[in-house]
Amino acid sequence: MADHASFFLVHHLLWVTNNRTYASKYIPIIASVSEHQPPTWPSYFMDINVLAFLVPAGIIACFSPLSDASSFVVLYIVTSVYFSGVMVRLMLVLAPAACIMSGIALSEAFDVFARSIKFQLPGLSETSWSEAADSSGTHEMQSDIAKTDKAEDAAKERPLKKGKKKEKEKEKDLAEKPSLKSRIEKRLLVLPFEASLIALLLIILLGGFYVVHCVWAAAEAYSAPSIVLTSRSHDGLHVFDDFREAYAWLSHNTDVDDKVASWWDYGYQTTAMANRTVIVDNNTWNNTHIATVGTAMSSPEKAAWEIFNSLDVKYVLVVFGGLVGYPSDDINKFLWMVRIGGGVFPHIKEPDYLRDGQYRIDSQATPTMLNCLMYKLSYYRFVETDGKGFDRVRRTEIGKKYFKLSYFEEAFTSHHWMVRIYKLKPSRNRIKGKVKKSKSGARQNTCGSLGNPLQNI
Amino acid sequence: MGCRIDLLFFLSIAFLSSYVLADLIVTKVDRRIDLTSHIIRIISSVKVENDGDDPVSAFLVAFPDHHAKHLAFLSASQNEGKGKTKGPRASLPIEASKPEGTPPSLEFYSITLPKGIAKGETLTLDILAVFAHILKPFPEQVAQGDFQLVLFQDSAYYLSPYLVKSQTLTVKLPDARIESYTKLEKSKVQGSELKYGPYENQPPFSYTPIVVHYESRKPFAVAQKLVREIEISHWGNVQITEHYNLIHGGAHLKGEFSRLDYQVNPQAKGAGAFSRLVARLPPRVHSIYYRDEIGNISTSRVWSDSKKTEVEIEPRYPLFGGWKTFFTFGYSLPLKDYLFQSEGKRFLNISFGSPIEELLIEELIVKVVLPEGSRDMYVSVPYPMEQWQETKLSHLDIVGRPVVALRKTNAVPEHNQHFQVYYKFNSVSLLREPLMLILGFFFLFVACIVYTHTDLSISKSSPSYLAKLQWDEVGQYSLVDFRKSNLLVQTAVQQLENIINRRLMIYDKLEVSLRDLSRTGNIQACKTARKSADTLLKELSKELKPLLAFLQSSPQAARFFSKAEELVAKERELQEKLIAKHSIIVDCYEKKLSGREIENRIALHQQKITALRQEVDDLLEFIEGI
């Protein structure tokens with residue numbers, strides 16, 4: 001019952017927070033962070049597992065009796081459930097509260113079952129004595145010795161009957177002596193011997209499975225580095241160490257003063273592992289800066305080159321998972337770049353990148369999408385790998401297959417193509433071309449346009 | 001440019017060609033230049049004859065100074081005859097010399113001949129010269145798919161201060177295209193070999209520049225700096241840590257690096273890059289690791305058999321021309337294979353250079369970290385190099401470990417010889433570190449014990465002081481007595497609890513009898529119940545008295561005696577109230593009053609009973625807790 005109620009409560013919260021208003025509409029950068037998404041039900045079961053079921057039981061236990069301490073714990077769990085429903089990241093707040101609650105629940109359960117077993121174990125004269133005294137209260141008077149004897153004799157056949165008697169007595173007592181309620185109730189919570197033994201074993205088993213789950217989650221989900229990826233196949237463990245490969249390349253083969261532009265997710269990594277200055281990093285305080293990079297990534301090559309050049313960027317780093325099927329790559333994050341960029345620079349419009357509201361990179365994709373820098377840097381010469389350009393993350397053939405880069409050149413691509421680094425072509429040539437053009441403008445015009453100044457050298 | 005310099009050089013020494021240094025004549029020279037790798041080896045087999053009257057004890061070899069500055073290694077040995085060519089030969093001592101009147105653009109090395117050459121005798125010398133960085137990539141930048149072309153310059157004639165009667169030159173080239181070579185008379189190409197000569201009767205300092213421009217497909221692995229740290233632990237381990245700053249020293253990569261081209265056609269498009277290095281380690285090596293500043297590098301493989309261990313190292317990325325990388329390579333060796341004792345001294349005998357094959361090291365620093373307490377160190381090295389000493393502070397060090405540091409520029413595989421570090425070390429010092437740890441922990445525990453046993457309190461009313469007093473009081477009893485009395489108190493408390501519980505039960509029965517009364521109206525049954533309850537309660541009260549008295553007298557019960565007393569008092573009050581209530585109800589039933597009237601009369605009592613019952617329950621719980 002309570003389980004159901006809390007389920008409903010959390011579900012309601014999820015529903016409320018899914019209709020987020022402020023953050024998602026006005027600050028896309030907050031909404032873009034995956035840790036800021038509201039959690040899904042599977043993420044609750046993944047993170048707190050059986051605690052999800054024990055917490056409601058713990059809440060009930062806190063209400064009998066409700067003291068200052070237990071009411072604090074109840075408030076704690078309620079607020080933390082609320083906040084964890086707002087964003088996944090705040091699951092951290094829920095964790096300790098859920099642990100406390102489940103601890104209370106388990107402790108209560110062990111208490112009840114252990115006492116039930118203890119009451120009915122033969123040989124423990126003290127408890128059976130008081131039991132007998134209790135039960136005989138409803139009958140006519142007997143001498144103490146007789147009572148004890150009877151209690152011991154009837155120990156085995158008692159459980160069910162006694163339970164019923166207790167209930168009756170409880171009802172009466174409830175009517176007559178409310179103050180004794182707690183004590184009598186405590187005496188009354190006696191379950192059948194076999195049932196409580198089995199329940200005890202089941203709880204221990206549950207705890208055991210929980211430990212197994214926690215070890216697994218700690219190993220696979222929490223401690224597995226996201227910088228070194230591994231995959232198991234029939235021929236053993238395969239390591240995808242592309243990030244460190246690219247960062248090592250950056251740190252040893254570029255100038256110390258060179259600046260690297262990438263989406264902000266890789267900012268701290270680039271700073272720490274490649275020891276290079278970045279344009280934006282995981283400190284998302286400067287929204288405009290991130291929007292500038294987002295705009296450059298969503299602009300056509302020339303505009304992007306101008307933005308990057310004005311930022312004194314030498315290298316542009318993109319993460320591309322299409323070759324090996326690494327799903328959290330820049331193409332999948334690209335809509336956020338458009339949104340964040342568009343939030344500051346209104347000439348970037350999200351609908352330009354969507355075909356009928358759908359985000360796609362195949363032949364149905366919009367020209368804006370197929371001509372933006374992110375698309376070009378990700379898929380540059382990708383078609384030559386298999387002849388079709390099949391993207392294993394999007395599970396489709398790419399839309400624009402053969403194209404050349406005129407403002408960027410490939411500087412490095414890691415072993416599995418997961419990190420691609422491009423160098424901005426120097427501006428010197430372009431200026432030469434321009435000067436030439438302006439000086440001999442008339443003659444040039446008769447000869448036809450020069451076309452791309454960079455290709456003109 | 002280079003050709004022009006050579007020409008000037010040639011002209012400048014032409015004036016001096018009439019100069020004759022000694023009476024020696026070189027009757028025959030066979031030179032082989034090995035250009036298959038980026039480390040150039042020139043092997044000259046020189047037949048010398050003493051034409052003068054006096055015995056000569058030194059032989060001079062000359063190098064033009066633009067070669068001499070790249071000279072990495074020079075060794076000479078005496079070839080005593082065809083039968084003895086195999087097997088190790090003692091290398092002859094060599095030193096730089098500057099004979100008077102020789103041209104300044106030449107550098108000379110003097111090979112000391114231990115036996116000397118008497119008049120008319122001949123002698124054959126094998127001279128090995130190894131050069132580093134003597135190949136010039138031309139063009140300096142190549143695209144990813146192109147092979148690098150390199151230039152090599154030397155003289156067609158053997159440059160010597162002596163008259164050379166007959167000579168040949170063979171240039172061994174890699175199996176690849178030869179772009180161009182200087183064509184002279186008697187020069188020809190045979191397969192991958194270029195042959196010059198034989199040339200007869202060349203005067204001293206004859207020099208004819210030749211240039212070979214050829215394709216070199218082998219990448220140039222160059223370590224710009226290599227720091228090898230050899231740390232000795234007398235617990236049985238030699239730990240070697242090598243920090244490599246690696247660069248591809250060939251023609252620089254021009255334009256894009258395309259991973260696609262590199263993966264699709266590694267033979268053609270990746271030939272200029274190197275992606276694997278092989279390190280040959282001793283067979284009993286263990287704890288090999290390979291990492292850089294951002295963690296383990298997962299691309300390495302180890303093969304081992306009884307004779308050697310081979311480690312294949314792949315840098316994180318393929319190195320194209322001009323690309324650099326950094327990594328740390330470490331391994332451990334058993335101490336007993338490398339550390340020996342002689343005349344009260346210990347000496348370490350270990351190889352000097354890097355275990356990686358065909359690696360040119362521009363700056364090699366070898367640091368031997370000796371255990372703390374070593375003294376009287378000195379190094380015996382096979383060739384001259386810079387030496388200094390420093391100290392290194394590590395775990396559990398007080399004054400630091402003495403470090404013997406050696407520095408060598410342009411180290412080539414030929415420098416991979418053993419060197420010795422002699423030092424004195426007392427074995428007792430080995431126990432210093434464990435003793436330090438043991439003593440440290442010992443004093444820590446002693447300090448803990450002292451701390452727990454001292455009373456630093458100033459005030460005599462402090463809790464610690466009072467607790468101590470109490471402890472002393474208790475301490476007057478023997479331990480057994482203490483335990484016994486404790487047990488007694490425990491049983492007394494249990495009995496007290498029992499009695500109270502039973503009394504409470506009697507009250508329950510009284511309540512039940514009242515309920516039966518209200519249901520059946522049987523006053524008589526109710527009265528009997530009351531009577532039996534009264535007698536039982538009296539008996540129990542009697543039992544209660546000695547228990548209370550005992551608890552009062554026992555010191556262990558002092559802290560909860562007040563509670564027990566309170567419990568008994570409250571319980572008695574409860575009894576009184578209940579009895580009163582019971583009497584009232586029975587009375588009322590006898591008078592046949594209405595239910596509401598009864599309730600009104602007992603309401604006050606009922607309230608008190610409820611409150612008292614609660615208090616008694618709480619107190620009982622507290623006592624149970626004890």
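Chain letters run A, B, ... following the sequence lines, proteins first and then strands; every chain starts at 1.
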Might you work through the side chain to side chain contact (heavy atoms under 4.5 Å, CB included) test for F412(A) and F320(B), ending with a clear yes or no?
CA-CA 11 Å; F412(A) 185 78; F320(B) 280 87; over 6 Å; no
For chain A, find which of A525(B), S298(B), P318(B) contributes the most heavy-atom pairs closer than 4.5 angstrom.
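When all of A525(B), S298(B), P318(B) are compared, S298(B) has the most.
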Partner chain B: residue of V239(A), I227(A), D241(A) with the largest heavy-atom pair count (under 4.5 Å):
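Heavy-atom pairs under 4.5 Å are most numerous for D241(A).
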Residue among H415(A), R420(A), K423(A) with most heavy-atom pairs under 4.5 Å to chain B:
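Greatest number of close heavy-atom pairs with chain B: H415(A).
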I'd like to know whether [atom1] of [X] has more than 12 heavy-atom contacts from other residues, nucleotides or ligands below 6.0 angstrom.
X       : atom1 : answer
K314(A) : NZ    : no
D68(A)  : CG    : no
K401(A) : NZ    : yes
E293(B) : CD    : yes
K400(A) : NZ    : yes

Need one label for A248(A): side chain, backbone, both or neither, based on atoms under 4.5 Å from any heavy atom in chain B.
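Interface part for A248(A): both.
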Quick check on Y380(A) against chain B: is it the side chain, the backbone, both or neither that has a heavy atom closer than 4.5 Å?
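Side chain of Y380(A) only, per the 4.5 Å heavy-atom cut-off to chain B.
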R381(A) side chain to S258(B) side chain, donor-acceptor N/O pair below 3.5 angstrom:
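Side chains of R381(A) and S258(B): pair found under 3.5 Å.
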Hey, mind stepping through F326(B) and H252(A) against side chain to side chain contact (heavy atoms under 4.5 Å, CB included) and telling me if it holds?
CA-CA 8 Å; F326(B) 168 85; H252(A) 294 296; 3.3 Å; yes
Are the side chains of R316(B) and W249(A) in touch, meaning some heavy atoms are under 4.5 Å apart?
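Not in contact.
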Note, E256(B) side chain near F408(A) side chain (heavy atom, < 4.5 Å):
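Result no, sub-4.5 Å side-chain heavy-atom pair not found.
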By a 4.5 Å heavy-atom criterion (distance strictly below it), what part of D618(B) contacts chain A: side chain, backbone, both, or neither?
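For D618(B), neither part sits under 4.5 Å from chain A.
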With side chain to side chain contact (heavy atoms under 4.5 Å, CB included) as the criterion, how do Y262(B) and T413(A) come out once you've worked through the C-alpha distance, each side chain's angles and the decisive distance to 0.1 Å?
CA-CA 10 Å; Y262(B) 180 73; T413(A) 299; over 6 Å; no
Worked check of side chain to side chain contact (heavy atoms under 4.5 Å, CB included) between N253(A) and Y317(B):
CA-CA 11 Å; N253(A) 295 299; Y317(B) 42 87; 3.1 Å; yes
Identify the heavy atoms of N296(B) and R244(A) that sit nearest to each other, and give their distance.
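Where N296(B) meets R244(A) most closely, the heavy atoms are O-NH2, 2.6 Å.
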Check this for me, if you would: do R259(B) and E245(A) make a salt bridge, where the nitrogen-to-carboxylate-oxygen distance has to be below 4.0 angstrom?
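Looking at R259(B) and E245(A), the cut-off is met.
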Give a yes or no on whether the backbone of F257(B) and the side-chain of E409(A) come within a donor-acceptor separation of less than 3.5 Å.
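The answer is no, because no donor-acceptor pair under 3.5 Å joins these two groups.
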